[in-house]
Amino acid sequence: MNDTPHLPPALATGVGSLPGTDAREAAKAATGSFEDFPHLPELPARGPGADMIGRTAGLLVELYARVEPSGWRIGDRPGRDTRRARSWLGEDLDALEEFTQGYEGLLKVQAVGPWTLAAALELKNGEAALSDPGACRDLAASLAEGLRQHLEEVRRRVPGARLVLQLDEPSLTAVLCGQVRTASGYRTHRAVDRQTVEATLRDVAGVHDGGPVVVHSCAPDVPFALLRRAGVAGISFDFSLLTECDDEVIGEAVEGGTRLFAGVVPGTDAPLSDPAGSVMGVRTLWRRLGLRPGLLPEAVTVTPACGLAGASPGYARSAYAHCVRAARSLADNPE
């Protein structure tokens with residue numbers, strides 16, 4: 001029996017990050033573009049603390065991080081970097097609250113997952129937390145509690161929303177394959193046992209009690225089967241990186257009720273084809289797998305391939321509008 005929280009059909013949404021530094025403009029874009037599935041925007045252009053790692057480090061409970069020349073490092077007490085991260089998140093939540101008055105429906109919030117965080121955050125010795133199993137456990141527990149509090153805060157501000165938690169795990173495949181480099185750059189950290197990775201993801205996802213969790217990775221070789229075993233309701237990925245080797249696990253995911261967040265729109269400025277052309281690959285995959293066309297709108301949410309922090313503001317707005325039109329094309333004409 002599948003006890004994974006159900007994720008209702010939603011045609012399109014964003015991945016997370018947007019260009020620029022204006023929280024109100026970003027919230028307006030995310031809520032105005034995706035009327036049925038907006039998300040809390042992230043604006044890394046504001047600097048350290050607004051970046052993916054720093055933003056999530058600001059959520060940690062009883063663990064703190066500060067910026068060093070080599071990156072984010074775990075410290076003993078909250079400093080200005082932690083305060084800055086929390087302040088910017090507060091600004092983003094204020095803006096989201098303003099543009100979601102009376103909103104009822106799906107709303108996505110994003111944070112870095114435990115394994116990408118462990119690969120990015122340094123211990124006092126300069127090595128990644130990934131090098132120390134105990135540090136990994138502490139980090140995952142701190143993240144889980146921080147996410148629980150964050151979700152409570154978003155529920156308080158947008159009481160009509162049904163929250164979806166997205167864990168960003170671009171380093172997950174590297175962690176599983178032993179490809180994360182040590183501080184010297186001459187070696188790599190040993191691969192983490194797959195069962196440990198799966199169990200930790202399940203534990204962190206479990207803080208969203210009864211709510212759907214999506215894992216996003218725009219890296220190649222997303223471990224679909226492992227993520228499904230960890231109990232996630234959806235998997236978000238760069239569709240262009242799929243190969244026919246992924247067919248079997250994709251088919252199993254769809255038939256098992258896992259929603260695919262198909263990143264079909266480029267994450268940086270690029271010519272955009274007609275919306276129907278953007279989802280042609282999704283239709284082709286469906287035919288190859290022998291799946292029922294009518295299942296497409298229930299099983300696929302259209303997104304950009306990755307966050308849009310590196311795009312121009314104009315392109316970001318166009319990309320969001322394109323996702324909505326492409327998703328509508330898929331729903332109206334699945335064959």
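Owing to the predicted nature of the structure, the values given are computational and were not obtained by experimental measurement.
- Taking the side chain as every heavy atom from C-beta outward, Pro212 and Arg162 approach each other to under 4.5 Å.
- Cluster membership check: Val282 shares its hydrophobic cluster with Val249, using side-chain heavy-atom separations under 4.5 Å among Ile, Leu, Val, Met, Phe, Trp and Tyr.
- The environment of CZ in Arg317 is sparse: at most 12 heavy-atom neighbours from other residues, nucleotides or ligands sit within 6.0 Å.
- A 6.0 Å sphere centred on CZ of Arg84 holds more than 12 heavy atoms belonging to other residues, nucleotides or ligands.
- Using a cut-off of 4.0 Å between Lys/Arg side-chain N and Asp/Glu carboxylate O, Asp168 and Arg55 are scored as not salt-bridged.
- Between the side chain of Thr82 and the backbone N or O of Gly58, no donor-acceptor pair lies under 3.5 Å.
- Without hydrogens or angle criteria, Asp269 side chain to Tyr315 main chain gives no donor-acceptor distance under 3.5 Å.
- Using a 4.5 Å heavy-atom threshold, the side chains of Leu147 and Val109 count as separate.
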Test Leu260 against Phe239 for side chain to side chain contact (heavy atoms under 4.5 Å, CB included), laying out the working first. CA-CA 10 Å; Leu260 305 180; Phe239 191 85; over 6 Å; no
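- Within 6.0 Å of atom CZ in Arg24, 12 or fewer heavy atoms from other residues, nucleotides or ligands are found, so the atom counts as exposed in its surroundings.
- To the nearest 0.5 angstrom, Glu91 atom CD is 13.5 Å from Leu96 atom CG.
- For the pair Lys108 (side chain) and Gly16 (backbone), a donor-acceptor distance under 3.5 Å is absent.
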Val222 vs Leu172, test: side chain to side chain contact (heavy atoms under 4.5 Å, CB included). Steps then yes/no. CA-CA 8 Å; Val222 174; Leu172 183 59; over 6 Å; no
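- If you run side-chain contact (heavy atoms from CB on, under 4.5 Å) between Ile235 and each of Val215, Thr258, Ile250, only Thr258 comes through.
- One hydrophobic cluster, built from ILVMFWY side chains closer than 4.5 Å, cannot hold both Leu241 and Val214; they sit in different ones.
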If you apply the rule salt bridge (Lys or Arg N to Asp or Glu O under 4.0 Å), what do you find for Glu145 with Arg148, and how did you get there? CA-CA 5 Å; Glu145 178 58 21; Arg148 187 187 65 75; 2.4 Å; yes
Applying side chain to side chain contact (heavy atoms under 4.5 Å, CB included) to Val302 and Leu11, what does each step give before you reach the verdict? CA-CA 6 Å; Val302 174; Leu11 296 180; over 6 Å; no
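- Nearest heavy atoms, Cys136 versus Trp115: SG-CZ3, 3.9 Å.
- Summarising the geometry of Cys323 relative to Phe34, their closest heavy-atom pair is CB-CE2, 4.3 Å, with the distance given to 0.1 Å.
- Under the 3.5 Å distance criterion, the side-chain polar atoms of Lys124 are left unmatched by any main-chain donor or acceptor of Arg73.
- Looking at Arg157 and Asp94, a side-chain N of the basic residue comes within less than 4.0 Å of a carboxylate O on the acidic one, giving a salt bridge.
- Under a 3.5 Å cut-off, the side chain of Thr173 and the backbone N or O of Asp221 do form a donor-acceptor pair.
- A donor-acceptor pair is defined here as one N or O able to donate and one able to accept, closer than 3.5 Å; such a pair exists between the side chain of Tyr103 and the backbone of Asp36.
- Residues Ser70 and Glu122 have side chains that bring a donor and an acceptor to within less than 3.5 angstrom of each other.
- Ala276 approaches Arg283 most closely through the heavy-atom pair O-NH1, 3.5 Å.
- Checked for salt-bridge contact, Arg156 and Glu153 meet the test: a charged N lies under 4.0 Å from a carboxylate O.
- Judged purely by atom type and a 3.5 angstrom limit, Glu42 has no side-chain atom pairing as donor or acceptor with the backbone of Asp51.
- Both Leu130 and Trp72 belong to a single network of hydrophobic side chains, linked directly or stepwise wherever heavy atoms of I, L, V, M, F, W or Y lie under 4.5 Å apart.
- A donor-acceptor pair under 3.5 Å is absent between the side-chain atoms of Thr268 and the main chain of Gly310, judged by distance alone.
- At a threshold of 4.5 Å between side-chain heavy atoms, the hydrophobic network of Ile, Leu, Val, Met, Phe, Trp and Tyr places Val207 and Leu59 in one connected group.
- Crowding of Arg287 atom CZ: a count of heavy atoms from other residues, nucleotides or ligands under 6.0 Å exceeding 12.
- Using modelled atom types, no side-chain atom of Ser87 and backbone atom of Arg83 make a donor-acceptor pair closer than 3.5 Å.
- Taken to the nearest 0.5 Å, the CG atom of Leu107 stands 11.0 Å off from the CG atom of Leu165.
- In this structure the side chain of Glu169 never reaches within 4.5 angstrom of the side chain of Val197, judged on heavy atoms.
- Atom CG in Leu296 sits 8.0 Å away from atom CG in Leu291 (nearest 0.5 Å).
- Few gaps surround CD on Glu98; more than 12 heavy atoms of other groups in view lie less than 6.0 Å from it.
- With rounding to the nearest 0.5 angstrom, the CD atom of Gln166 is 12.0 Å from the NE2 atom of His208.
- A 4.5 Å side-chain heavy-atom check between Leu295 and Trp286 finds at least one atom pair inside the cut-off.
- Residue Leu167 comes nearest to Val204 through the heavy atom pair CD1-CG1, 4.2 Å, listed as atom of the first residue, atom of the second, then distance.
- Residues Met52 and Tyr64 do not share a hydrophobic cluster, clusters being chains of Ile/Leu/Val/Met/Phe/Trp/Tyr side chains in contact below 4.5 Å.
- Minimum interatomic distance between Ala331 and Pro297 (heavy atoms only, all atoms of both residues): CA-CG, 3.8 Å.
- When each of Cys218, Ser17, Pro170 is paired with Cys306, the side-chain contact (heavy atoms from CB on, under 4.5 Å) condition holds for Cys218 and for no other.
- Considering only heavy atoms from C-beta on, Leu285 comes within 4.5 Å of Arg288 through its side chain.
- For the atom pair Asp138 CG and Leu143 CG, the distance stands at 12.5 Å (nearest 0.5 Å).
- Here the side chain of Ser131 pairs a donor or acceptor atom with the backbone of Ala128 at under 3.5 angstrom.
- A distance of 6.5 Å separates CG of Leu117 from OG1 of Thr56, quoted to the nearest 0.5 Å.
- Looking only at side-chain heavy atoms (C-beta outward), Leu289 and Val254 stay at 4.5 Å or farther from each other.
- For Glu104, the CD atom counts as loosely surrounded, since its 6.0 Å shell holds 12 or fewer non-hydrogen atoms of other residues, nucleotides or ligands.
- Minimum heavy-atom separation, Gly267 to Leu308: O-CD2, 3.2 Å.
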Test log, rule side chain to side chain contact (heavy atoms under 4.5 Å, CB included), inputs Arg46 and Asp92: CA-CA 12 Å; Arg46 291 181 296 198; Asp92 295 337; 2.8 Å; yes
